[in-house]
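First comes the structure, then the notes that go with it.
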Amino acid sequence: MTMKHTYHIHGMTCNGCRKHVEETLSSVKGVLTVTVDLEKAEATIEMEQHVPLEVFQEALKNDGGRYSIHNSAEHHHPKPIQKTSGKGTGIFYCPMHCEGEKTYEKPGDCPVCGMDLIEEQNLSTANSEQWTCPMHPEIVQEQSGACPICGMDLIPMQPDLSAEEKTYKKLSKKFWIATAFTLPIFIIAMSEMLMHNPLYGLMEQKYWNWVQFALSIPVVFYATWMFFERAYKSIKTWKLNMFTLIGIGAGVAWLFSVVGLLFPNIFPAQFKSEAGAVHVYFEAATVILTLVLLGQLLEARAHSKTTSAVKELLKLAPNKAIKIVDGEEVEVSIDKIVLNDILKVKPGEKIPVDGVITEGETSIDEAMITGEPIPVSKTIGDKVSSGTINGNQSFLMKAEKIGSDTLLSQIIKMVNDASRSRAPIQNLADKVSGYFVPVVVLISAITFIVWAVWGPEPAYVYAMVNAIAVLIIACPCALGLATPMSVMVGVGKGAQNGVLIKSAEALEKMNKVTTLIIDKTGTITEGRPSVEKVGAFNNHMSESEVLQYIVSLNTNSEHPLAEATVKFGRENKVEVLKSTGFSAVTGKGVEALVNEKKVALGNPKMMEQANAAMTSEIEEEAKKYQQQGKTVSFLAVEKVIVGYVVISDKIKKNSAKAIKELQEKGIDVIMLTGDNHDTAQAIASELHLTSFKAGVLPEDKLKEVERLQKNSEVVAMAGDGINDAPALAKSDVGIAMGTGTDVAIESAMITLVKGDLQGIVKAQHLSHAVMRNIKQNLFFALFYNILGIPIAAGLLFPFFGILLSPMIAALAMSFSSVSVIVNALRLRSVKI
């Protein structure tokens, strides 16, 4: 009789964790099935007979101790993550994404590949500022002032180093210590090549060997001991990686030398010099380890550059803001701002939070989040975003989004998440790496045997040296870094240009898109009505007078079309006339007395109600615009039609150019809109679109995506509204306009901050550049290993007498990883 128990699992953060826990618990003797629910953090275990909880706890502990299992009834919720000291978030992840999006609570090594974990950055820690007393450091305040103990002025606290910087400083210190001890070992060893070695005049070779041994101890047991720890952990968990090869290679060389030093008589003559001392390889071991440490140091420095996009975004956030309290200006910390606070932004200052202008007008530099260099004019009612820079005029704004809800915070979160995600192409590298290390160890063993049996004398020396060279040169670090480094830099590059990418998968798929479906309103067009033209029919009234009457009448209306005319009038500095008796007639228009004259504005039915006759000339003029899908409202003054206003949803200025560029790249662009056929036809003709559908419902957009996908098309969908969300989610690549609804943005894989189609062109260029960069990295890494292993094994020796020293192999291995990162960093200069 079987039984089932449910337990709580602590430590899981992703599907990779869930799968790993399932596999570990399933391996326990007596367990039939294991089902793990990631959201509930629960494991349901079916077993033949009761297995004690302690057995499961021991299994997870032996697997590395990253996860723990508890009785559900006894479980206490784990403490929330405590932020570690430093400028980051206290959230760490592996740069090689070995377990997908899994994060860790403290710095250290990745349990799979052994690489140093990287700390995530965010706004909440970047813009906090604290003050302390130089005499009483226990005094810490969030604003400047006097020390309550001694009265001295408080000074800003120096921020802690980020985990990245701490890692770099720690590695730098160890590298210089390793270099200081390795250099004399190298000189002693190389002096053996001299005909008359001056060192042997001071001491015999066997004593110099002891000197090398003593000098090697700080290198092996302090500066580079972490490599052996990582190697041991990789073998214990059977997650073989680059440190497995380094640990075995350098460890064998060092241990062989120690045994040769302590027990020289057990070695055959071919291992000994003329003086009878065993040839030692302390210099090979220490030089290899020091060069690998150099590679780690260079990688640590390069990693900080790959996250530079996020760091540049973090710099945009100001620490302080000016809040209006009872008419007074009060400087407050950014985290003290609450919703609906009125803030003042002075010329040249950064906008503290997202909000809307309530008083004043200005121009704002939004280049840092849209990539567009031209400042944008803003006036009352316009929205402004945190981190953008005010121009030369002050204004008041109301806070609408604060903290993690601001656009800047969302951008940073999206960049962080995307940088940790895995591109499908990385599965190839992971598959290769999975078989790579065991194969290399096997090749190393075969190399030793071949040289020991068929090599020239001293055969065993040649065998050992070449076997170590194979282990060292074959480290798959470059292969593992190839994809995530390019993704990280590419995602950051996109963020700086207003293209926010949610995942590496979106970046890869964007490069394969064959069909792009675009919505009309808010995607191709502005998504809001605007006045295109004001005309006059009566010779006794000018166009400016017609506009004055229209604006004066519509000042009393809340209709979107009325708001468009009022805004147009404000932009043209129209003087508003006095109006009374305002009345809105549903489905027709509005009427009122303006300057004591009876005025009506609306469609032909409104003109009929106002007893204003429509002539053929008027109808012909109106028809010209109506056929283009535009709205025409007529103005009647004292029963005479004197003018009209044409209101349209303007096509965004970049739409035509972007569509043309995409079509030239072989992408079929299709417009789907819920608007009428005339309007859709007019837009399609103007933009040279060969395919469009009008009167489309949300479910029709979804069906069109599915139809195209069945025809083997890779479909991208661009939209901005709630009605676009189903199609955005279903498409291969959903692209949301940043000016659209939150629902659309949530459903999409890519968000365009500025909200125009030129962003899709940027995303396509970026995708192409990143995928090309990844393929270059994979080629370099694989080609390097394919070429390096045979040379290290001694393939060229019979023909050219060339052997590869393990020290040269270590140098080449370290710089192969750095070369991959440097190649990825080239993406920062790519023009998209």
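- In terms of modelled atom types and a separation under 3.5 Å, the side chain of S333 and the main chain of K320 share no donor-acceptor contact.
- Using a distance-only test at 3.5 Å, with no hydrogens or angles considered, a donor-acceptor pair links the side chain of N390 to the main chain of K346.
- The shortest heavy-atom contact between A716 and I735 is CB-CD1, 4.2 Å.
- For the pair K336 and D341, the salt-bridge criterion is not met [side-chain N within less than 4.0 Å of a carboxylate O].
- Ion pair E532/K630 flagged as a salt bridge, since at least one NZ, NE, NH1 or NH2 atom sits closer than 4.0 Å to an Asp/Glu carboxylate oxygen.
- A salt bridge between K383 and E400 is present, with a side-chain N of the basic residue lying under 4.0 Å from a carboxylate O of the acidic one.
- The aromatic rings of Y625 and Y644 lie tilted to each other, with the angle between the two planes from 30° to 60°.
- Counting only distance, with no hydrogens or angles, the side chain of S552 and the backbone of Q548 share a donor-acceptor pair below 3.5 Å.
- D668 and T515 are not linked by any side-chain donor-acceptor pair at a separation below 3.5 angstrom, with hydrogens and angles left out of the test.
- Looking at heavy atoms from C-beta onward, L662 lies in side-chain contact with V761 at the 4.5 angstrom threshold.
- With sequence neighbours left out, D354 forms a salt bridge (charged side-chain N to carboxylate O under 4.0 Å, His left out) with no residue at all.
- Note on K378 versus E361: no salt bridge recorded, every NZ/NE/NH1/NH2 to OD/OE distance being 4.0 Å or above.
- With hydrogens and angles left out, the side-chain atoms of Q681 and S685 include a donor and acceptor closer than 3.5 Å.
- Using modelled atom types, no side-chain atom of E331 and backbone atom of A321 make a donor-acceptor pair closer than 3.5 Å.
- When atom types are taken as modelled, the side chain of T523 and the backbone of K520 share no donor-acceptor pair closer than 3.5 angstrom.
- Side-chain contact between H765 and K665 is present, with at least one heavy-atom pair separated by less than 4.5 Å.
- Listed here is the closest heavy atom pair of T358 and M397: OG1-N, 3.9 Å.
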Inset, instruction - Applying side-chain hydrogen bond (donor to acceptor under 3.5 Å, both in side chains), run through S579 and N556 and close with a yes or a no. - result: CA-CA 9 Å; S579 63; N556 304 291; 3.0 Å; yes
